[in-house]
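A short worksheet on the structure shown next.
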Amino acid sequence: MSSLVSRRSLLTGLSLVGVSAISACAQLPRQPIAAANLPMPAPAEPMHEKAPVEVAGTDPVAAPSGYAGMYDAVDDGGHALPAIPVAKVDERFLRQIVDDPTGELPGMIVVNTTDKYLYLVLKDGKAMRYGVGLGRQGYSWKGRAIVQWKRKWPTWTPPSAMIRRDPKLEKWRQGMQPGVSNPLGSRALYIFKDGVDTLYRIHGSPDWKSIGKSASSGCVRMFNQDVIDLYDRVPAKTTLLVI
């Protein structure tokens with residue numbers, strides 16, 4: 001696809017335009033962490049392909065009924081995630097195995113901000129493709145980096161600028177506890193470049209209608225079921241490319 005083929009022209013440098021804590025995903029995790037400023041590793045081999053993904057062949061579109069098991073209601077960590085109504089979702093944005101269009105090594109995550117896809121590169125010329133939704137901050141950063149760490153059911157703390165714009169958020173100044181209504185959803189991947197936080201996040205979202213669309217705030221949103229799947233497939237220090 002043309003937007004991926006032209007990625008080299010987009011990688012002349014990293015841009016941190018507009019990363020002034022304007023959105024939910026600009027927050028560090030409140031849980032204790034052990035951040036390591038390690039050099040970017042070689043791309044890791046992807047974890048095993050999990051049984052729920054059964055889309056075969058190279059056709060990127062399957063009947064909606066084939067996705068029911070992927071997006072069923074889930075009890076995860078004591079939180080009851082509702083099912084995603086797949087019949088109401090554009091099939092392009094449902095999780096599926098496709099021919100890899102990125103040319104990157106297995107284990108890489110590639111976010112295509114134009115087509116609103118996230119690819120996890122697999123072996124044998126394949127990739128797992130997920131639909132994503134993008135907020136302002138999701139468009140503000142491009143380049144290569146790593147998943148510095150991951151969190152299950154992260155706490156969300158709205159930045160002060162957001163609270164000033166919407167005083168109703170004052171009650172969450174010290175953090176919103178994890179849950180199905182939390183803007184960071186069921187999982188969050190925190191992206192660093194050269195040991196520095198890019199303020200870029202890949203995270204779940206309770207708003208399934210936002211996947212495949214642009215939103216007013218946030219970074220890279222995924223269906224909660226999809227970000228759980230991605231979280232389980234990639235280790236910390238996985239390499240990431242945003243184009």
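We use all heavy atoms of the structure for the numbers below, so side chains are in, but hydrogens, waters and symmetry mates are not.
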[Y] and [X], any side-chain heavy atoms less than 4.5 Å apart:
| X | Y | value |
| --- | --- | --- |
| Lys116 | Leu134 | yes |
| Val98 | Tyr117 | no |
| Ile202 | Leu118 | yes |
| Val242 | Ile191 | no |
| Met128 | Tyr119 | no |
| Leu189 | Leu230 | yes |
| Pro85 | Trp208 | yes |
| His203 | Arg221 | yes |

Under the rule for side-chain hydrogen bond (donor to acceptor under 3.5 Å, both in side chains), what residues qualify as partners of Asp226, not counting sequence neighbours?
Tyr71, Arg95

Looking at residues at least two apart in the chain, or sitting in another chain, which of them share a side-chain hydrogen bond (donor to acceptor under 3.5 Å, both in side chains) with Asp166?
Lys168

Would you mind telling me which of Asp229, Asp76, Asp232 makes a salt bridge (Lys or Arg N to Asp or Glu O under 4.0 Å) with Arg187?
Asp76

Restricting to non-hydrogen atoms, name the atom on [X] and the atom on [Y] that form the minimum distance, rounded to 0.1 Å.
| X | Y | value |
| --- | --- | --- |
| Lys152 | Tyr231 | CG-OH, 3.4 Å |
| Lys213 | Lys209 | CD-O, 3.3 Å |
| Gly78 | Asp75 | C-OD1, 4.1 Å |
| Tyr190 | Pro154 | OH-CB, 3.6 Å |

Between the side chain of [X] and the main-chain N/O of [Y], is any donor-acceptor distance below 3.5 Å?
| X | Y | result |
| --- | --- | --- |
| Thr113 | Ile243 | yes |
| Thr238 | Val147 | no |
| Asn224 | Ser186 | yes |
| Lys126 | Ile97 | no |
| Lys237 | Gln148 | yes |

Would you give the length of the straight line joining atom [atom1] of [X] to atom [atom2] of [Y], rounded to the nearest 0.5 angstrom?
| X | Y | atom1 | atom2 | answer |
| --- | --- | --- | --- | --- |
| Ile109 | Ile146 | CD1 | CD1 | 11.5 Å |
| Leu120 | Thr102 | CG | OG1 | 9.5 Å |
| Arg129 | Asp100 | CZ | CG | 11.5 Å |

Can you list everything that forms a salt bridge (charged side-chain N to carboxylate O under 4.0 Å, His left out) with Asp72? Sequence neighbours excluded, please.
none

With Tyr130, which residues qualify under ring-ring contact (aromatic ring centres under 6.0 Å, His included), at least two apart?
none

Checking Asp90 now: which residues fulfil side-chain contact (heavy atoms from CB on, under 4.5 Å) with it, not counting sequence neighbours?
Arg92, Phe93

Any residue meeting side-chain contact (heavy atoms from CB on, under 4.5 Å) with Pro82, in chain and number order, not counting sequence neighbours
none

side-chain contact (heavy atoms from CB on, under 4.5 Å) evaluation trace for Gln225 with Ile84
CA-CA 8 Å; Gln225 285 85 340; Ile84 303 297; 3.5 Å; yes

